[in-house]
Amino acid sequence: ATGPRQNNSIFYEIRTYDIKPSKMKEFVEMVNKYFHLRTAHSELVGFWSAELGAMNKVVHVWKYDNFAHRTSVRHALANDKDWQEKFLSKALPLIEMQHNEVAYLVPWCQLGKPPKDGGVYEWVTFQMKPGGPALWGEVFQAAINAHINTGYIRLIGVFHTEYGLLNTVHVIWWNESPDHRAAGRHSAHEDARVVAAVRDSVRFLESQQNMLLIPLQCSPLK
């Protein structure tokens, strides 16, 4: 169902939390103060708060070698008294909803990094037609590459879900600023290569949405 993917067992857990509006500041402060207790157990790829496209929402991505690795990490966290008492027990009352997905990087993508600290991240979620990358992978890749070739944007990663809502693709982009992103988008709309690639890929698209994200202090991706 999922089609080809990278030839290893590494996967990424995407966690999305909706925070109580009156508690967002408190939650972020707690993350910045205590999250080293969590990252002592496994690798954090990035941790962001939503600025546009959603409100009072955070997204964080974790890397695991395989499912046994995740199981051992979750077991260790359950027995880590510092983590449980200093962060988790105090943070849970601040959270309205939790959602997680397991995703793989698509075969043609390696996890990237921005050229410098600062800037903003755009998280775009595409709901594709059933069939997986075996059906729409090539045209989707062409659309992504067309945007990369404009030079206005930096690709961080393209993830395809394994658990969660299937046939979902999450794309993370980096831009120097929201205004830089807006100017680049206007240029892309007038680029015949981008227009042609997008027209080809939307045949397999059900819906899409995006968020502008700001990295938290604890995020490895700044």
Side-chain angles (χ1 to χ4, degrees), residues 12-21 23-33 35 38-39 43-63 94-95 97-101 103 105-106 109-127 140-141 143-161 168-191 194 197-198 201 205 207-222:
Y12 299 83
E13 182 177 4
I14 301 167
R15 286 182 164 248
T16 305
Y17 297 169
D18 291 315
I19 310 301
K20 294 178 180 178
K23 301 297 184 180
M24 186 65 181
K25 182 175 183 293
E26 182 180 350
F27 180 84
V28 170
E29 289 174 349
M30 288 185 60
V31 168
N32 287 331
K33 184 175 181 180
F35 224 59
R38 174 61 183 84
T39 55
E43 182 180 347
L44 175 66
V45 174
F47 200 128
W48 304 268
S49 62
E51 181 72 12
L52 297 172
M55 297 181 69
N56 304 301
K57 186 184 292 290
V58 297
V59 182
H60 39 126
V61 179
W62 299 89
K63 182 180 179 181
L94 313 182
I95 301 172
M97 186 179 299
Q98 295 176 292
H99 175 72
N100 77 333
E101 298 167 280
L105 280 169
V106 296
C109 175
Q110 298 294 322
L111 194 62
K113 293 184 177 181
K116 59 184 178 181
D117 288 350
V120 295
Y121 292 79
E122 183 179 7
W123 185 289
V124 189
T125 298
F126 299 88
Q127 186 60 41
F140 191 88
Q141 180 182 0
I144 294 295
N145 286 337
H147 283 88
I148 293 172
N149 292 338
T150 64
Y152 83 90
I153 199 167
R154 175 67 66 96
L155 179 66
I156 302 299
V158 181
F159 302 87
H160 175 236
T161 55
T168 300
V169 181
H170 300 289
V171 182
I172 308 176
W173 300 98
W174 179 89
N175 268 287
E176 291 184 10
S177 69
D179 286 319
H180 184 264
R181 185 261 183 196
R185 290 286 291 173
H186 285 304
S187 297
H189 291 162
E190 298 175 355
D191 189 314
V194 175
V198 169
S201 67
L205 181 66
S207 65
Q208 67 186 90
Q209 60 182 21
N210 68 343
M211 297 183 289
L212 189 72
L213 303 177
I214 306 297
L216 269 63
Q217 180 181 320
C218 68
S219 179
L221 288 173
K222 299 292 187 185

- Task: Could you tell me whether the side chain of P215 reaches within less than 4.5 Å of the side chain of Y121, counting heavy atoms only?
- Result: yes
- Query: Any sub-3.5 Å donor-acceptor pair from S177's side-chain atoms to H180's backbone N or O?
  - Reply: yes
- Task: Take W173 and I148 through the test side chain to side chain contact (heavy atoms under 4.5 Å, CB included) and record every step on the way to the result.
- Result: CA-CA 10 Å; W173 300 98; I148 293 172; 3.8 Å; yes
- Taking S219 for the side chain and L216 for the main chain, is one N or O donor matched with an acceptor at less than 3.5 Å? no
- Task: Could you tell me whether K25 and E29 have a side-chain N and a carboxylate O separated by less than 4.0 Å?
- Result: yes
- Within 45° of the six-membered ring axis of W62 and under 6.0 Å from that ring's centre, is NZ or CZ of R38 located there? yes
- Message: Does C218 form a side chain to side chain contact (heavy atoms under 4.5 Å, CB included) with T39? I'd like the steps, not just the answer.
- Response: CA-CA 9 Å; C218 68; T39 55; over 6 Å; no
- Note on the structure: Closest non-hydrogen atoms of K222 and P114, given as atom of the first, atom of the second and distance, are O-CG, 3.8 Å
- Query: Taking the inter-plane angle between the rings of H60 and F35 on a 0 to 90° scale, is it parallel (under 30°), tilted (30 to 60°) or perpendicular (over 60°)?
  - Reply: perpendicular
- Interatomic distance, CG@N210 vs CD1@I172, rounded to 0.5 Å, equals 13.0 Å
- Contact check, side chains of F27 and N56, non-hydrogen atoms, under 4.5 Å: no
- Stepwise, does the side chain to side chain contact (heavy atoms under 4.5 Å, CB included) test hold for L221 with F47? CA-CA 8 Å; L221 288 173; F47 200 128; over 6 Å; no
- Side-chain contact, heavy-atom cut-off 4.5 Å: V158 with V169? yes
- Task: Please name the residue in the list L212, L213, I214 that meets the side-chain contact (heavy atoms from CB on, under 4.5 Å) test with L52.
- Result: L212
- Note on the structure: Between the CG atom in L94 and the CD1 atom in I19, the distance rounded to the nearest 0.5 Å is 7.0 Å
- Message: For a quick test of reading the model, state the closest non-hydrogen atom pair linking R181 to Y152 and the distance between them.
- Response: O-CE1, 4.0 Å
- Message: Quick one, V58 and T16 - any side-chain contact, counting heavy atoms below 4.5 Å?
- Response: no
- Task: Rounded to the nearest 0.5 Å, what's the gap from OG1 on T150 to CZ on R185? Could you check?
- Result: 9.5 Å
- Message: Does either side chain, that of T161 or that of E101, offer a donor lying less than 3.5 Å from an acceptor on the other one?
- Response: no
- Task: Grab the two heavy atoms, one from A146 and one from V194, that are nearest each other, plus how far apart they are.
- Result: O-CG2, 3.5 Å
- Item | Any V59 side-chain heavy atom under 4.5 Å of M211 side chain | yes
- Got L111 and Y12 here, is their nearest side-chain heavy-atom distance under 4.5 Å? yes
- Message: Return the CE to NZ distance between M24 and K57, rounded to the nearest 0.5 Å.
- Response: 10.0 Å
- Item | Where I156 and K113 come nearest, the two heavy atoms and their spacing | CD1-C, 3.8 Å
- Contact check, side chains of D18 and I95, non-hydrogen atoms, under 4.5 Å: no
- Message: Ring centroids only, cut at 6.0 angstrom: are W123 and H170 within range, meaning strictly under it?
- Response: yes
- Item | Residue pair V198, H147: steps toward the side chain to side chain contact (heavy atoms under 4.5 Å, CB included) verdict | CA-CA 9 Å; V198 169; H147 283 88; 3.7 Å; yes
- Message: Can you confirm whether V61 sits close enough to W48 that some side-chain heavy atom of one is under 4.5 Å from a side-chain heavy atom of the other?
- Response: yes
- Taking S187 for its side chain and A183 for its backbone only, find out whether a donor-acceptor pair lies under 3.5 Å. yes
- Could you tell me which non-hydrogen atom of A103 sits nearest to which non-hydrogen atom of F159, and how far apart they are? CB-CB, 3.8 Å
- Between the side chain of W174 and the main-chain N/O of G112, is any donor-acceptor distance below 3.5 Å? no
- Message: Quick check on E51: does its CD atom have over 12 non-hydrogen neighbours (other residues, nucleotides or ligands) under 6.0 Å away?
- Response: no
- Item | Over 12 non-hydrogen atoms of neighbours within 6.0 angstrom of CD in Q209 | no
- Item | I14 side, atom CD1; T125 side, atom OG1 - distance, nearest 0.5 Å | 8.0 Å
- Gap separating the OG atom of S201 from the CZ atom of F126, nearest 0.5 angstrom: 7.5 Å
